[in-house]
Amino acid sequence: MGRIFIVILYFVCTTGFSQVDYIEKREQMVKTQLKARDIKDKATLNAMQDVPRHLFVPKNLKSQAYRDGPLPIGDGQTISQPYIVAFMTQALRLNPSDKVLEIGTGSGYQAAVLAKVVDSVYTIEIVKNLALIAKDRLQKLGYTNVKVKWGDGYHGWPAEAPFDAIIVTAGAESIPQPLIDQLKNGGRMIIPVGRNNSVRQLVLLKKEENKIITKDLIPVRFVPFTRETKKHRDH
Ligand code: SAH
């Protein structure tokens, strides 16, 4: 009898309670890190409340998943701070029917947040290992409207273009022309731009009647946008 009680207690503690804990941690995150700042968009807030961020970080960092900062995800890369994920999502002014391209899949977290807001998400990651892990994770968690590709995001995803919105989650030195070309008229792109190893500007770009309008939003730090071709040349 005692043993059964302990087994039940074990299951409640390891499954039931911890899930509730994470929901509460997310509520706190949404309240103190997002609403308390300038995140007002309902769809963005709902997505941030829904997506289990602790399942997108390495196991040993689960307890830190909801803190107000970025975390390492392996291969020298990071999962962005929750506020930055929400800020970029909100800035794109997404509609539910939008088709979105992300460059820099990383853990797959930003893609999962986007997948809660729009119909279809396409995401490209240059580090093979990360692309494979993210693909598997998103599939297991049931994000059926996300397609992950391993490759150099500089070239975009021509076969799926044009896109309503493009989000680049690696810091670029300039805005890749193929990405501008793959935006619909009326489309929006958000991308951190600036010199490597320095603070960059998060730039919002709008394509209107084939005219490009850009606006600097906030200063940010991001891991660099790398190029496959450059890597080959270096070696
Ligand atoms: N959005 C991610 C975090 C991105 S970190 C998340 O939610 O976890 C930036 C990612 O961009 C890294 O994984 C890096 O490998 C990737 N990256 C850098 N240059 C790239 C390129 N040219 N094409 C595709 N991915 C790139």
Side-chain angles (χ1 to χ4, degrees), residues 29 44 47-48 50-58 61-62 64-67 69-92 100-118 121-138 141 143 146-158 160-161 163 165-180 182 189-194 196-197 200 202 220-234:
M29 173 190 84
T44 301
M48 296 296 292
D50 274 0
V51 179
R53 184 171 162 95
H54 60 285
L55 300 181
F56 289 81
V57 303
L61 295 177
K62 258 186 173 182
Q64 296 183 52
Y66 296 99
R67 47 166 269 212
L71 288 172
I73 53 169
D75 288 284
Q77 305 303 331
T78 55
I79 177 172
S80 305
Q81 177 189 7
Y83 173 69
I84 295 296
V85 173
F87 183 91
M88 292 175 85
T89 308
Q90 171 171 273
L92 285 173
V100 179
L101 173 67
E102 179 194 26
I103 309 300
T105 315
S107 67
Y109 177 68
Q110 172 76 72
V113 169
L114 290 167
K116 289 277 178 188
V117 178
V118 299
V121 179
Y122 294 81
T123 181
I124 306 175
E125 171 56 53
I126 200 164
V127 177
K128 189 175 187 184
N129 189 37
L130 292 177
L132 293 177
I133 294 173
K135 185 175 187 170
D136 183 58
R137 173 182 286 142
L138 288 162
L141 293 174
Y143 294 94
V146 183
K147 298 256 179 311
V148 182
K149 183 163 100 169
W150 167 48
D152 181 358
Y154 179 88
H155 306 289
W157 198 319
E160 290 296 342
F163 297 94
I166 299 179
I167 176 170
V168 181
T169 62
E173 297 211 283
S174 59
I175 306 177
Q177 187 60 41
L179 298 185
I180 299 177
Q182 289 174 33
M189 182 184 336
I190 192 158
I191 175 168
V193 186
N196 283 340
N197 303 314
R200 300 175 212 254
L202 204 47
V220 283
R221 278 193 182 276
F222 267 86
V223 295
F225 189 99
T226 53
R227 296 296 317 281
E228 206 174 28
T229 47
K230 192 163 159 237
K231 268 191 201 157
H232 289 319
R233 243 186 279 133
D234 286 347

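Everything quoted here is computed from the prediction, not taken from an experiment. Whatever order the structure lists them in is the order used to number ligands and atoms, beginning at 1. By convention here, the first residue in the shown sequence is residue 1.
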Under 4.0 Å from a heavy atom of [X]: give me the atoms of ligand 1 that qualify, with their elements.
{"X": "Ala170", "value": "11 (O), 18 (C)"}
{"X": "Leu130", "value": "13 (O)"}
{"X": "Gly153", "value": "21 (C), 22 (N), 23 (N), 24 (C)"}
{"X": "Val127", "value": "15 (O)"}
{"X": "Gln110", "value": "1 (N), 7 (O)"}
{"X": "Ile103", "value": "23 (N), 24 (C)"}
{"X": "Gly151", "value": "23 (N), 24 (C)"}

Residue part near ligand 1, for [X], under 4.0 Å between non-hydrogen atoms:
{"X": "Glu125", "result": "both"}
{"X": "Pro224", "result": "backbone"}
{"X": "Val223", "result": "side chain"}
{"X": "Arg227", "result": "neither"}

query: Can Arg200 be said to sit on top of Phe222's aromatic six-ring, NZ or CZ under 6.0 Å from centre and within 45° of the ring axis?
result: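 No, a cation-pi geometry is absent between Arg200 and Phe222.
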Name the closest protein heavy atom to [atom], giving the residue it belongs to and the distance to 0.1 Å.
{"atom": "atom 17 (N) of ligand 1", "value": "Ile126 CG2, 3.7 Å"}
{"atom": "atom 12 (C) of ligand 1", "value": "Gln77 OE1, 3.2 Å"}
{"atom": "atom 8 (O) of ligand 1", "value": "Ser107 OG, 2.6 Å"}
{"atom": "atom 19 (N) of ligand 1", "value": "Thr226 N, 2.9 Å"}
{"atom": "atom 3 (C) of ligand 1", "value": "Thr78 O, 3.3 Å"}
{"atom": "atom 11 (O) of ligand 1", "value": "Gly104 CA, 3.2 Å"}

message: If the test is side chain to side chain contact (heavy atoms under 4.5 Å, CB included), which one of Val85, Asp50, Thr44 qualifies with Val113?
response: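 Exactly one option meets the side chain to side chain contact (heavy atoms under 4.5 Å, CB included) with Val113, and it is Val85.
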message: Please verify the inter-ring angle class for Phe56 with Tyr109; under 30° counts as parallel, over 60° as perpendicular, anything in between as tilted.
response: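 It falls in the perpendicular class, over 60°.
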query: For Thr89 and Gln110, does a side-chain donor sit closer than 3.5 Å to a side-chain acceptor?
result: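 Yes, Gln110 and Thr89 have a side-chain donor paired with an acceptor closer than 3.5 Å.
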